[in-house]
There are 4 protein chains.
Amino acid sequence: MNTKRDQILDTALKLFVNNGFHATPTSKIAKDAGVATGTLFHYFKTKEELINTLYLETKDNLTNSLLENVNVQETLKAKFRQVFFNYIFWAVDHPNHQQFYTSYSNSPFITNLTKEHGLQRFQFIYELIEKGQDEDILKAVPIDLLVEAMQGLLNGIIKHLMENPEKMNEEKYQNDAFKLFWDTIKG
Amino acid sequence: MNTKRDQILDTALKLFVNNGFHATPTSKIAKDAGVATGTLFHYFKTKEELINTLYLETKDNLTNSLLENVNVQETLKAKFRQVFFNYIFWAVDHPNHQQFYTSYSNSPFITNLTKEHGLQRFQFIYELIEKGQDEDILKAVPIDLLVEAMQGLLNGIIKHLMENPEKMNEEKYQNDAFKLFWDTIKG
Amino acid sequence: MNTKRDQILDTALKLFVNNGFHATPTSKIAKDAGVATGTLFHYFKTKEELINTLYLETKDNLTNSLLENVNVQETLKAKFRQVFFNYIFWAVDHPNHQQFYTSYSNSPFITNLTKEHGLQRFQFIYELIEKGQDEDILKAVPIDLLVEAMQGLLNGIIKHLMENPEKMNEEKYQNDAFKLFWDTIKG
Amino acid sequence: MNTKRDQILDTALKLFVNNGFHATPTSKIAKDAGVATGTLFHYFKTKEELINTLYLETKDNLTNSLLENVNVQETLKAKFRQVFFNYIFWAVDHPNHQQFYTSYSNSPFITNLTKEHGLQRFQFIYELIEKGQDEDILKAVPIDLLVEAMQGLLNGIIKHLMENPEKMNEEKYQNDAFKLFWDTIKG
DNA sequence: AATGAATGAGCTTTCATTCAT
DNA sequence: CATGAATGAAAGCTCATTCAT
């Protein structure tokens with residue numbers, strides 16, 4: 001359903017990732033998507049609305065993936081491990097979305113409204129960390145610092161993985177990667 | 001000397017960081033720098049040459065700072081600590097350069113030639129890590145993974161610092177930050 | 001139909017003839033044609049494509065005129081006379097096209113592809129000359145020399161006619177002009 | 001003497017011929033001539049003054065050549081023959097000057113003043129023709145028509161010669177070429 | 001005489017957006 | 001819903017010319 005709208009979103013994502021926002025003309029998006037220029041503006045009032053929509057849908061997609069198989073009765077470390085690999089596998093499965101997310105989450109094209117909207121969906125991560133600090137499992141440093149550290153570290157690991165995708169399924173690599181992550185945050 | 005050229009570089013750096021490459025017209029760079037448009041193109045054949053020059057000069061500046069006060073007879077951990085804080089203090093002292101460096105080091109505007117040229121200057125970091133792995137001080141994981149992890153983590157920490165610059169001088173914060181870093185890489 | 005495209009072509013022809021290619025800004029073509037600058041580039045990807053299109057359409061127009069009323073059963077001289085006057089009258093009727101054709105047929109703006117494309121349409125002239133040489137009616141000199149001579153002479157005559165258009169209808173002038181031409185090539 | 005001025009003139013001639021007036025930046029003329037941009041404007045107030053100077057010096061050069069070895073006591077035909085070959089040999093010896101002359105003698109860059117100045121130097125050709133018409137040797141057609149015809153025909157022959165320079169020294173070719181010319185104008 | 005850094009008007013071309021069909 | 005011709009502001013870049021040295 002709504003094929004044209006989806007074609008536009010898919011095409012735009014790819015082009016924004018590969019060429020950047022300003023280097024991607026709406027005319028090219030329309031052409032590659034196989035629709036008329038007018039059609040793009042029928043679904044999205046402006047180019048900015050298009051990229052904001054893309055951002056929100058990508059974040060939704062990611063957040064849903066992050067929560068998969070996170071089991072309430074597991075240990076905290078097991079939960080973090082699950083979320084960690086959910087993130088990593090999502091990145092590998094959706095390389096364009098992952099690229100898009102890291103490239104544009106701090107860009108000026110994404111309005112503050114969109115960012116806030118997106119932040120709410122990460123609430124549960126904050127709760128997990130706070131709990132970990134209360135129980136003396138995680139480092140007692142400012143939570144924002146911990147979150148930024150995690151985020152940055154994850155970006156680094158994923159960047160490496162993207163350049164070496166064959167490692168993804170090596171058990172040793174997986175353990176190494178998670179150890180990096182867990183050593184960073186554990187108290 | 002060569003005031004005009006320097007004014008152009010300074011202004012361009014600021015504008016590229018705040019607005020992005022494509023959202024910064026050369027006309028605005030010239031105007032803000034107080035020179036004619038033609039003058040910009042007198043010193044830099046194209047807008048791309050301008051940003052590549054900026055990248056190289058920034059990287060030079062950073063690399064020189066990283067090596068300051070790194071003492072040969074210190075322990076490896078002490079050396080990493082010194083480099084870590086050299087980076088952090090450089091970032092705080094040159095926020096625009098730091099922003100520019102993280103934003104553009106992976107951008108398509110920076111040609112491969114420029115990137116290679118820049119890479120050579122980080123050689124010594126690789127050597128430090130290899131030595132640490134040989135001596136079983138650092139984690140025995142692929143060196144590229146370790147480098148990306150360090151880089152990503154540092155970006156995260158600096159991002160947090162930029163939003164909370166007053167913490168810079170708190171001793172506890174400094175120790176917290178370095179502990180995050182060291183725990184990540186130590187074996 | 002396609003009024004805008006035609007307006008652009010007409011206007012460009014006039015301006016290229018009067019001011020030259022480089023001295024004619026696309027902005028002026030658009031303005032004089034009564035369209036937006038973008039419209040010009042909607043129909044012609046570049047200024048060069050515009051002038052090449054103009055060249056091909058002009059050559060088509062000329063070639064078609066040259067062949068009018070050339071009767072198979074006439075003598076060779078009568079055929080040449082017909083072609084001669086077809087050229088002359090075409091030139092008088094389409095002074096801008098004639099000017100354009102002589103000014104730009106050797107210019108670097110016209111690509112080799114366009115030139116070749118245009119050459120094919122003059123094939124029949126070559127055939128006429130060869131037949132004339134075979135029958136000892138025309139001078140036995142290299143055919144290329146004869147063609148260049150004819151072309152050059154015609155240019156000279158037309159140049160004179162353009163400065164004295166009132167002579168066009170004088171029978172004596174017509175006879176004088178053709179005699180110049182025929183004496184040049186007849187054996 | 002005045003080496004720089006001459007270098008500029010030589011270089012400009014070559015570049016104007018090969019690329020055209022507007023496609024030749026003064027900066028390139030200066031660079032190719034091995035002088036500073038300012039030097040060019042020291043000798044020629046404007047680019048237009050440069051090309052007008054070039055035109056006048058070229059025309060002088062040509063006119064002088066045309067008159068060489070034209071003997072008063074020869075027949076009219078012999079005189080025309082001499083002038084004809086003077087022109088042709090000059091063209092072959094100075095291909096750039098010849099190209100320059102034909103390309104720019106009708107161009108808008110050459111001011112009317114320059115053109116008039118140049119015309120005077122052709123006075124003797126007119127006198128030769130008038131005498132020929134009085135003596136019933138040349139065609140009794142308007143003199144301007146005859147001049148344009150001669151000029152055009154000569155351009156055609158020279159164009160052919162430029163593309164087949166090896167023919168220059170073939171006696172048959174020379175005779176053919178002059179016969180074309182003489183048949184055109186003789187009564 | 002000779003230099004070349006500096007100027008800024010003007011060029012070709014791009015592109016987000018509109019709107020009549 | 002869908003089209004794509006048309007728009008015109010704005011972009012990167014060029015170039016004839018000036019002028020302090």
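Reminder, nothing fancy here: chain letters follow the sequence lines and each chain counts from 1. Please read these numbers as outputs of a predicted model, since none were measured by experiment.
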Side chain of [X] - closest among [options]:
X: Lys47(B); options: dT7(E), dC13(F), dT12(E); value: dC13(F)
X: Pro25(A); options: dC15(E), dA6(F), dA2(E); value: dC15(E)
X: Tyr43(D); options: dT17(E), dA1(E), dT7(F); value: dA1(E)
X: Ala36(C); options: dT7(F), dG12(F), dT12(E); value: dT7(F)

In this structure, how many angstroms lie between the [atom2] atom of [N] and the [atom1] atom of [X], rounded?
X: Lys45(B); N: dC15(F); atom1: NZ; atom2: P; answer: 14 Å
X: Leu40(D); N: dA1(E); atom1: CG; atom2: P; answer: 14 Å
X: Asp6(B); N: dA5(E); atom1: CG; atom2: P; answer: 15 Å
X: Ile29(C); N: dG8(F); atom1: CD1; atom2: P; answer: 17 Å
X: Leu50(C); N: dT13(E); atom1: CG; atom2: C1'; answer: 14 Å
X: Phe41(C); N: dA6(F); atom1: CZ; atom2: C1'; answer: 15 Å
X: Lys31(B); N: dG12(F); atom1: NZ; atom2: C1'; answer: 17 Å
X: Gln7(D); N: dA1(E); atom1: CD; atom2: C1'; answer: 14 Å

OP1, OP2 of [N] versus side-chain N and O of [X]: anything below 4.0 Å?
X: Lys4(A); N: dT3(F); result: yes
X: Ser27(D); N: dC15(F); result: no
X: Thr26(D); N: dC15(F); result: no

Less than 3.5 Å between a donor and an acceptor, one on the side chain of Thr37(D) and one on the base of dA5(E), is that the case here? yes

Between Phe100(D) and His94(D) (judged by ring centroids, cut-off 6.0 Å), do the two rings come close enough to count as a pair? no

Does Phe44(B) reach a base, just sugar-phosphate, or nothing at all? Heavy atoms under 4.0 Å. nothing

Across all strands shown, which nucleotide pairs with dT14(F) by Watson-Crick or G-U wobble geometry, both distances under 3.5 Å?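 Its partner is dA9(E) (Watson-Crick or G-U wobble, both distances under 3.5 Å).
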
Identified pairing partner of dA1(E), criterion: Watson-Crick or G-U wobble below 3.5 Å: none

Quick one: on DNA chain F, does His42(A) or Gly38(C) contact a more 5' nucleotide (nearest heavy atom)? His42(A)

Does Val35(C) or Lys28(D) map to a spot on DNA chain F nearer the 5' end, using the closest nucleotide for each?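 In this pair, the answer is Val35(C).
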
Compute both the distance and the angle, then confirm whether Lys47(C) meets the cation-pi test with Phe21(C): under 6.0 Å from the six-membered ring centre, within 45 degrees of the axis.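 Here Lys47(C) passes the 6.0 Å and 45° test against Phe21(C).
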
Shortest non-hydrogen pair, Leu9(C) vs Leu50(C), comes out as CD2-CD1, 3.8 Å

Answer yes or no: is there a donor N or O on one side and an acceptor on the other, between the side chain of [X] and the main chain of [Y], under 3.5 Å?
X: Glu49(C); Y: Phe44(C); result: no
X: Ser105(A); Y: Tyr101(A); result: yes
X: Thr102(C); Y: Gln99(C); result: yes

